[in-house]
Each structure stands twice: as C-alpha cells, then as structure tokens.
Peer 1: 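Structure below; questions to follow.
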Amino acid sequence: MPEHSLLDEALVRLDEAAAHLNIDPDVIEKLKYARETTKVRLMIRMDDGSRKSFLAWRCRYDDTRGPTKGGIRFHPESTADEVETLAFWMTFKCAVMNLPYGGGKGAVQVDPRTLSKAELERLSRAYIQAFARIIGPDRDIPAPDVYTNSMIMGWMADEYAQIVGQHEPAMITGKPIALGGSLGRGDATARGGYYLVKHLAGDLKLGETMRVAIQGFGNAGQHIARLLAADGHKIVAVSDSQGAVFSAAGLHIDLLTHAKSIGMPVASTAGNGGHERLEADELVGIECDLLVPAALENMIHENNAAMVKASLVLELANGPITPPADEILEANGTVVLPDILANAGGVTVSYLEWVQNRQGFYWPVEDIHQRLQTMMESEGRAVWEVGREKGVTLRTAAYVHALGRLAEAIEAHGTQSFFTS
Ligand code: GLU
C-alpha cells in the first residue's frame, strides 16, 4: 500500500480550492468521500472453455449536481483507489464545464490485449449485467476511457437494452453513430483541448508554430497530433508505452497513426520519414513549446518534472502530474492547462450525445463542434479570470471555479446555519 492513496493526493486540491472560497464545512465533508463504490467479480467463459474472473468496480462519487458521469477503463493495474480518484476528478470536471452531472468512474482489472474479441465482448456484457441496477440515464452514465471504445459502448448499450427490455441509448455515451452515438464524440477530448489552447493563445503568448511533444498515442494523443499539425504546428516527439520517436523537422502523423492502426508501437516508424528512436521516458524532457501528456496518471513526477522544457502543458490524460511535480513546474514558470478543464471535451460531447438521445433529434457535426467550442471557451475564460484575480495556478483556479458550483448546489439543500438559527 502506498503511504498516501491517489485519492488522498487528489483531495489536496479540494483543500487548496476551499481556502479561496467562503464555503460551508458541510461541502467539504460531502466531497471528501466517494458516495458509493461497488466492487464485483465478473466471471466469463474464455474461448478455450475455461472460466476466468476479473475484478471490476463502479464508483458514483457525488451526484449533487445530477446523475454521475464517467468512463469505464479496462486496465491491468486498475484499483478501487484509482477508480474513486478518477470519479472525484469527474465530479470536478463536470462542474467546471457546468454539465448537469455528478462524477463517476468504472474499471475492470484486465489487460484487454490478452483477450480475444469474443472474450472482450463477453466481459463488456458481464460488466453491464453486474452493474445494470446501479447505472441508468438518470442515475449513472458510463462512457469510454483507457482501452475501451465505441464498439464496447455498443455492446454495453445492447446488453442494458436486453436487461430492461427497451432501448435506452442515454444510459451510456461514446456509442457508435449507428447506435445513437453523437457525431464529433470520437475526437472530442483532443478537440476540446485544442479549442482551449487556441482560445488562450494570445494570453499565453504562444507562437504561430509550436514544437509539440505528445506522451501517449491513443485516442486523445492521435487526434491532438492531427489537429495541431493541421494548424501548422510541428509534432516533434510522440511516445507510447513501448517507446518514442523524434524528428526536429516534425513527425509524419500518417505514419504514426497507420502503425497504431495495425497494432504496432510508434517506435516501429523509426528509420522512416526521418523518425529517430527514443526511449519512452525521454519524451518528457524533449526540447519543445507544448507538452501534451495523453497517457495515464502520475507520468510527470518529482523525479522528471525538472526536465520539462515546454512552457505550456496541456493535460489530456487524467492526473498525469503529481502534486510535487506541479510545484516544480510552477517554480520553473511552466503553465499547466489542468486535466479537469483541458480534457473535458470528451465528457462535454458525451453530454451532447445524452441530450440528443433524450430528445430523439440529432445535430450535424458542425453544431457539435460549435457547441463544444463555445463551452470550452467560456469555461476556459472563466478559469483564466479566476487564476488572474486570485493569483493562483490554472489548476487551483479550475478547482475554485468548480467548487463554487458544487458548493452552491450542496448548500442549496440547507447548511448548518439554516438548521440552527
Ligand atoms: N473518460 C472520459 C473522461 O475521463 C470521458 C467521460 C465521459 O464521457 O463520460 O473524461
């Protein structure tokens, strides 16, 4: 057991934000603990006829502002602590964006790459069989996360429909378009971050042509590479869990996405198009203007934070920077666009998907992009202003902005002073 759990570390942000607001102590008491975390063992039949079990969780952290919302990840190192922390972050992410949701998260402790496609389908359906009673369009709404995708969401929606005996597309988001998914959900996490960077470019005095390094080349990493390269920025380095590649002249995004589409690591492109091979952990220290962590938690920590050369970090992953690393970056003048704002594009378009499912009327992709851009810009601007007014980092500002909304909702049920005066 680590000395401090991931959740303990995350809760430090809550205290930091509370110090800037005049909120009732009830609010902190409510937000300090996950409301409900359910743990199950999923049993599935493997292709060889054997049965195998996998640990799985669903956490509903806080639902004051609406049904809980958050993805399901399939990862061999997932734990209950990680799921609760991710659900805590979702609570704040939805509040930053003013979405009518609380925060939730789920996980299965599995390496999906070791499963056949049929086993993956059985596991996805087993997850819904186990949790059907606690999820639902007005209760808790899952979505994709690390190593889960739209096909998995489609299986899950179908399983839920079979259990409840009717179509209920709004019970999960990130579905295939043909099954009620939203246009624009696929690249929404990256696109939200991209709109944020563009909107704050003047305030942050960003150059016309930035050198960009991207850690992690899954959904978020691939889409941000494409979006930034199309604007003339140079993607100089990209990593995944198995290695990294570098090119001072700019990497060829097509080569990289092709490699990933056939299950090869990014380093397999080394030697082509001027791509040079690097170790995965060299990426953080690459000479660049913008660093985009788009992998997992705790990737930038106290032992490598001082190596960061970028003046701006866009956190597309959840929790990629540890609190001590944050302090090092701040002392070195690196600005961090924090995860609960920077990667909120995903859940924002999930919200738009849920709205479309409920109204039964679907918008063209231009409308989705426009709505996402407007929301990223207005909440991004609000966070920027809090940061300036209070003289705090954008992370603290984002927590203050979110906590203000959470506090208002929690206090609306009555505070101690109401009941005792
Ligand atoms: N898993 C994504 C996140 O961490 C998306 C969640 C959602 O769309 O509900 O924000």
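Residue numbers start at 1 and run along the sequence shown. For ligands, and for the atoms within them, numbers begin at 1 and follow the listed sequence.
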Peer 1: Among all protein heavy atoms, pick out the one at the shortest distance from atom 9 (O) of ligand 1; state its residue, atom name and that distance to 0.1 Å.
Peer 2: Lys69 NZ, 2.8 Å
Peer 1: Return yes if a side-chain donor-acceptor contact under 3.5 Å exists between Glu330 and Thr393, otherwise no.
Peer 2: no
Peer 1: Where's the contact between Pro144 and ligand 1, heavy-atom distance under 4.0 Å: side chain, backbone, both or neither?
Peer 2: backbone
Peer 1: Taking Asp187 first and then Arg226, would you say they form a salt bridge - that is, a charged N and a carboxylate O separated by under 4.0 Å?
Peer 2: yes
Peer 1: Between Glu84 and Lys105, is there a side-chain N and carboxylate O pair less than 4.0 Å apart?
Peer 2: no
Peer 1: Measuring from atom CG of Leu31 to atom OG1 of Thr64, what distance do you get when rounded to the nearest 0.5 angstrom?
Peer 2: 6.5 Å
Peer 1: In terms of side-chain heavy atoms, does Asp281 have a donor or acceptor partner in Asn304 at a distance below 3.5 Å?
Peer 2: no
Peer 1: Of all the heavy atoms in Met90, does at least one lie under 4.0 Å from an atom in ligand 1?
Peer 2: yes
Peer 1: Among Ile172, Ile72, Thr348, Asp145, which one has a heavy atom closest to atom 1 (N) of ligand 1?
Peer 2: Asp145
Peer 1: Return the residue, atom name and 0.1 Å-rounded distance of the protein heavy atom closest to atom 7 (C) of ligand 1.
Peer 2: Ala143 CB, 3.3 Å
Peer 1: Is it the case that the side chain of Asp26 and the backbone of Ile410 share a donor-acceptor pair, with hydrogens and angles ignored and the cut-off at 3.5 Å?
Peer 2: no
Peer 1: Ligand 1 and Lys93, any nitrogen or oxygen pair closer than 3.5 angstrom?
Peer 2: yes
Peer 1: Check each heavy atom of Arg185 against ligand 1 and say whether those closer than 4.0 Å belong to the side chain, the backbone, both or neither.
Peer 2: side chain
Peer 1: Determine whether the aromatic ring centres of Tyr101 and Trp354 lie less than 6.0 Å apart.
Peer 2: yes
Peer 1: Any nitrogen or oxygen of Ile141 lying under 3.5 Å from a nitrogen or oxygen in ligand 1? Just yes or no.
Peer 2: no
Peer 1: Ion pair present between Arg381 and Glu377, side-chain N to carboxylate O less than 4.0 angstrom?
Peer 2: no
Peer 1: State plainly whether the residues Asp63 and Arg139 are in salt-bridge range, i.e. N to O under 4.0 Å.
Peer 2: no
Peer 1: Among all the protein's non-hydrogen atoms, which is closest to atom 8 (O) of ligand 1, and how far away is it?
Peer 2: Ser350 OG, 2.6 Å
Peer 1: Backbone, side chain, both or neither: what part of Glu353 comes under 4.0 angstrom of ligand 1, heavy atoms only?
Peer 2: neither
Peer 1: Between Thr189 and ligand 1, which part of the residue brings a heavy atom under 4.0 Å of the ligand: side chain, backbone, both or neither?
Peer 2: neither
Peer 1: What atoms of ligand 1 come closer than 4.0 angstrom to any heavy atom of Lys105?
Peer 2: 1 (N), 3 (C), 4 (O)
Peer 1: Give a yes/no on ligand 1: does Gly174 have at least one heavy atom closer than 4.0 angstrom to it?
Peer 2: no
